Trainee: 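Quick one: this structure, given as structure tokens, is what I'll be asking you about.
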Amino acid sequence: RPLVIGMMPAVDSVPLIVAEAEGYYADEGLEVRLELFRDQSYREAALQADAIDATVTDLVNAIRSWENGADYRVLTSTQGIFSVVTAPGSPVRTRADWPAAPTRLRTGLLENSIIFYVAQRMLEQTGLDPQRLEIIPTTQIPVRLEMLVANRLDAAVLPEPVTRMAVAGGAHEIVRTDEVFDWTPGVLLATGTALREKHEELEALLRAYDRGVDAVNTDPDRYRAVIVGAAGFPPPTTETMRLPRYAHAEPPDPRHIADVASWMIERGLLREAPPYDEIASSLRERADHSSLAIPCAGCN
């Protein structure tokens, strides 16, 4: 029974890609198919239809799905990088310029999304006022990038490696998550059906994931071309994309889930915070199953 894992074109998915490239799934006796989605709505539809067993997503989507009664559980946190960037023609080129910025910066992102959560928290952590962001809804990341580089937006919040493309086009990177956080709210989430019917396969998936983490952390440059091809990144990002320091598979910290839930409640997206065990699943007793399961101390 193959495991079908959804992913978006972002660096969160890299350990899954590397595990496939190195044959770690086969080592575990697994057949895994990685399915790339470029539109979040298609990914969500595939989850709801049980067309995929698990997917790389984020805590806002996981908590919103819980609120809507979906039977999903987060298996592990994932690591990504997001940046606040300003347009080539913007007077805001560094953090020091932020206080003197125009009262409102027309910023490409989606309200009530994980990227908006990340942007607010990044700016707060660095003492910059997030109230200056005037949200210009832009669903498609390529459109957001195009508008930013053409100075049709003052700023945008972008994932890696799209940020590298923006900077190459003259944009200015103001702050990025790995400078101010030791975590990001990306997750790998599985359906209830998969947890019931493919529990052992999911355990094996996480063992292969950990080996992928070790491989890419040891020699990230070795996998750049493989990552770009599998994740559908533009070829010019092969040499320029930043990769985070990946961590072994672990469910999210309860404090992080609580903070995202609190933010959603403040914004009227959620009535009450979910119980931790209705969002995350401790799929395995890691110390009992694999020496590879030792947490990566200090990893982002």
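In this text, all values refer to a predicted model and were calculated from it rather than measured experimentally. All residue numbers in this chain count up from 1 along the given sequence. Only heavy atoms go into these numbers, but all of them, side chains included; no hydrogens, no water, no symmetry mates.
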Trainee: Output every pair passing salt bridge (charged side-chain N to carboxylate O under 4.0 Å, His left out) with a member in residues 94-108, not counting sequence neighbours, ordered by first then second residue.
Mentor: Arg95-Glu179
Trainee: Which heavy-atom pair separates Trp98 from Ile174 by the least distance, and what is that distance?
Mentor: CE3-CG2, 4.3 Å
Trainee: Test of understanding: with side chain to side chain contact (heavy atoms under 4.5 Å, CB included), list the residues that count as partners of Pro130, not counting sequence neighbours.
Mentor: Gln120, Leu123, Glu124
Trainee: Kindly give the heavy-atom pair with the smallest separation between Ala215 and Tyr24, and that separation in Å.
Mentor: CB-OH, 3.8 Å
Trainee: Taking side chain as C-beta onward, heavy atoms only, is Val74 less than 4.5 Å from Ile257?
Mentor: no
Trainee: Could you tell me whether the side chain of Leu202 reaches within less than 4.5 Å of the side chain of Arg73, counting heavy atoms only?
Mentor: no
Trainee: State plainly whether one hydrophobic cluster holds both Leu36 and Leu205, where clusters connect Ile, Leu, Val, Met, Phe, Trp and Tyr through side-chain heavy atoms under 4.5 angstrom apart.
Mentor: yes
Trainee: Rounded at 0.5 Å granularity, tell me how far CZ in Arg245 sits from CG in Asp182.
Mentor: 14.5 Å
Trainee: Filter on side chain to side chain donor-acceptor pair (under 3.5 Å), then keep only pairs touching residues 232-244, sequence neighbours left out; what's left?
Mentor: Glu173-Arg242
Trainee: Can you pull the salt bridge (charged side-chain N to carboxylate O under 4.0 Å, His left out) pairs that have at least one residue in residues 45-70, sequence neighbours excluded?
Mentor: Asp53-Lys198, Glu67-Arg271
Trainee: Run the side chain to side chain donor-acceptor pair (under 3.5 Å) test against Asp277 and tell me which residues pass, sequence neighbours left out.
Mentor: none
Trainee: Are Ile81 and Val18 connected into the same hydrophobic cluster when the rule is that any two of I, L, V, M, F, W, Y join if their side-chain heavy atoms are below 4.5 Å apart?
Mentor: no
Trainee: Please evaluate residues Ile52 and Phe37 with respect to the criterion side chain to side chain contact (heavy atoms under 4.5 Å, CB included), reporting the C-alpha separation (whole Å), side-chain torsions for both, the decisive distance (0.1 Å), and the verdict.
Mentor: CA-CA 11 Å; Ile52 57 178; Phe37 292 88; 4.2 Å; yes
Trainee: Step through the shown structure and confirm whether more than 12 heavy atoms of other residues, nucleotides or ligands are within 6.0 Å of CD on Glu31.
Mentor: no
Trainee: Looking at Thr57, Asn61, Val118, which one forms a side chain to side chain contact (heavy atoms under 4.5 Å, CB included) with Pro185?
Mentor: Val118
Trainee: What's the separation between atom CZ in Phe82 and atom CD1 in Ile115, rounded to the nearest 0.5 Å?
Mentor: 5.0 Å
Trainee: Is any side-chain heavy atom of Thr107 closer than 4.5 Å to one of Phe116?
Mentor: no
Trainee: If I take atom CD from residue Glu35 and atom OH from residue Tyr42, how far apart are they, to the nearest 0.5 angstrom?
Mentor: 13.0 Å
Trainee: Report whether Val167 and Leu145 are members of the same hydrophobic cluster (ILVMFWY, side-chain heavy atoms less than 4.5 Å apart, transitive linking).
Mentor: no
Trainee: Please list all pairs passing the side chain to side chain donor-acceptor pair (under 3.5 Å) test where one or both residues lie in residues 152-162, with sequence neighbours left out.
Mentor: Glu160-Arg164
Trainee: What closest approach, in Å, do Pro99 and Arg132 show between heavy atoms, and which atom pair accounts for it?
Mentor: O-NH2, 2.9 Å
Trainee: Within this structure, what is the CD1-CG distance for the pair Ile227 and Leu16, rounded to the nearest 0.5 Å?
Mentor: 11.5 Å
Trainee: Within the structure provided, determine whether Thr94 and His172 are in side-chain contact (heavy-atom separation under 4.5 Å).
Mentor: no
Trainee: Could you state whether Val32 and Leu195 fall into the same hydrophobic cluster, counting links through intermediate Ile, Leu, Val, Met, Phe, Trp or Tyr residues with side-chain heavy atoms under 4.5 angstrom apart?
Mentor: yes
Trainee: Is the shortest heavy-atom distance from the side chain of Met241 to the side chain of Val228 under 4.5 Å?
Mentor: yes
Trainee: Would you say Leu153 and Leu110 are hydrophobically clustered, going by side-chain heavy atoms of ILVMFWY under 4.5 Å?
Mentor: no
Trainee: Would you call Arg224-Asp221 a salt bridge at under 4.0 Å N-O?
Mentor: yes
Trainee: Residues two or more places apart in sequence or in another chain: which of them pass side chain to side chain contact (heavy atoms under 4.5 Å, CB included) with Val226?
Mentor: Ile17, Ala21
Trainee: Would the distance check show the side chain of Gln125 and the main-chain N or O of Phe181 forming a donor-acceptor pair, the cut-off being under 3.5 Å?
Mentor: no
Trainee: Keeping to residues at least two apart or across chains, list the salt bridge (charged side-chain N to carboxylate O under 4.0 Å, His left out) pairs with something in residues 134-143.
Mentor: none
Trainee: Do Thr78 and Met7 pass the side chain to side chain contact (heavy atoms under 4.5 Å, CB included) test, and can you show the C-alpha distance, the side-chain angles, and the key distance before you say yes or no?
Mentor: CA-CA 12 Å; Thr78 60; Met7 60 183 193; over 6 Å; no
Trainee: Is the shortest side-chain heavy-atom distance between Arg144 and Val162 below 4.5 Å?
Mentor: no
Trainee: Would a 4.5 Å heavy-atom cut-off, applied to side chains only, mark Leu47 and Tyr72 as touching?
Mentor: yes
Trainee: Walk me through it: do Thr177 and Met122 pass the test side chain to side chain contact (heavy atoms under 4.5 Å, CB included)?
Mentor: CA-CA 6 Å; Thr177 48; Met122 267 197 293; 3.7 Å; yes
Trainee: Of all heavy-atom pairs between Ser281 and Pro251, which one has the smallest distance, and what is that distance?
Mentor: O-CG, 3.7 Å
Trainee: Just do the side chain to side chain contact (heavy atoms under 4.5 Å, CB included) check on Gln140 and Asp39 with the steps written out, would you?
Mentor: CA-CA 8 Å; Gln140 298 294 326; Asp39 188 306; 3.7 Å; yes
Trainee: Counting C-beta onward and ignoring hydrogens, is there a side-chain heavy-atom pair between Asp178 and Pro244 closer than 4.5 Å?
Mentor: no
Trainee: State, to 0.1 Å, how close Tyr246 and Val11 come at their nearest heavy-atom pair, and which atoms those are.
Mentor: OH-O, 2.7 Å
Trainee: Within this structure, what is the CG-CD1 distance for the pair Leu148 and Ile136, rounded to the nearest 0.5 Å?
Mentor: 12.5 Å
Trainee: So how far is it from Leu3 CG to Arg33 CZ, rounded to the nearest 0.5 Å?
Mentor: 10.5 Å
Trainee: Which residues pass the side chain to side chain contact (heavy atoms under 4.5 Å, CB included) test with Thr76, not counting sequence neighbours?
Mentor: Leu188, Leu206, Ala249
Trainee: Can you sort out the partners of Tyr117 under ring-ring contact (aromatic ring centres under 6.0 Å, His included), two or more places apart, ordered by chain and number?
Mentor: Trp263
Trainee: Where do Leu59 and Pro252 come nearest, in terms of heavy atoms and distance?
Mentor: CD2-CG, 4.3 Å
Trainee: Tell me, please, which residues at least two apart from Arg93 pass salt bridge (Lys or Arg N to Asp or Glu O under 4.0 Å).
Mentor: none
Trainee: Decide yes or no on side chain to side chain donor-acceptor pair (under 3.5 Å) for Arg176 and Thr163, but give the supporting numbers first.
Mentor: CA-CA 10 Å; Arg176 67 178 189 268; Thr163 299; over 6 Å; no
Trainee: Run the side chain to side chain contact (heavy atoms under 4.5 Å, CB included) test against Arg222 and tell me which residues pass, sequence neighbours left out.
Mentor: Glu22, Asp219
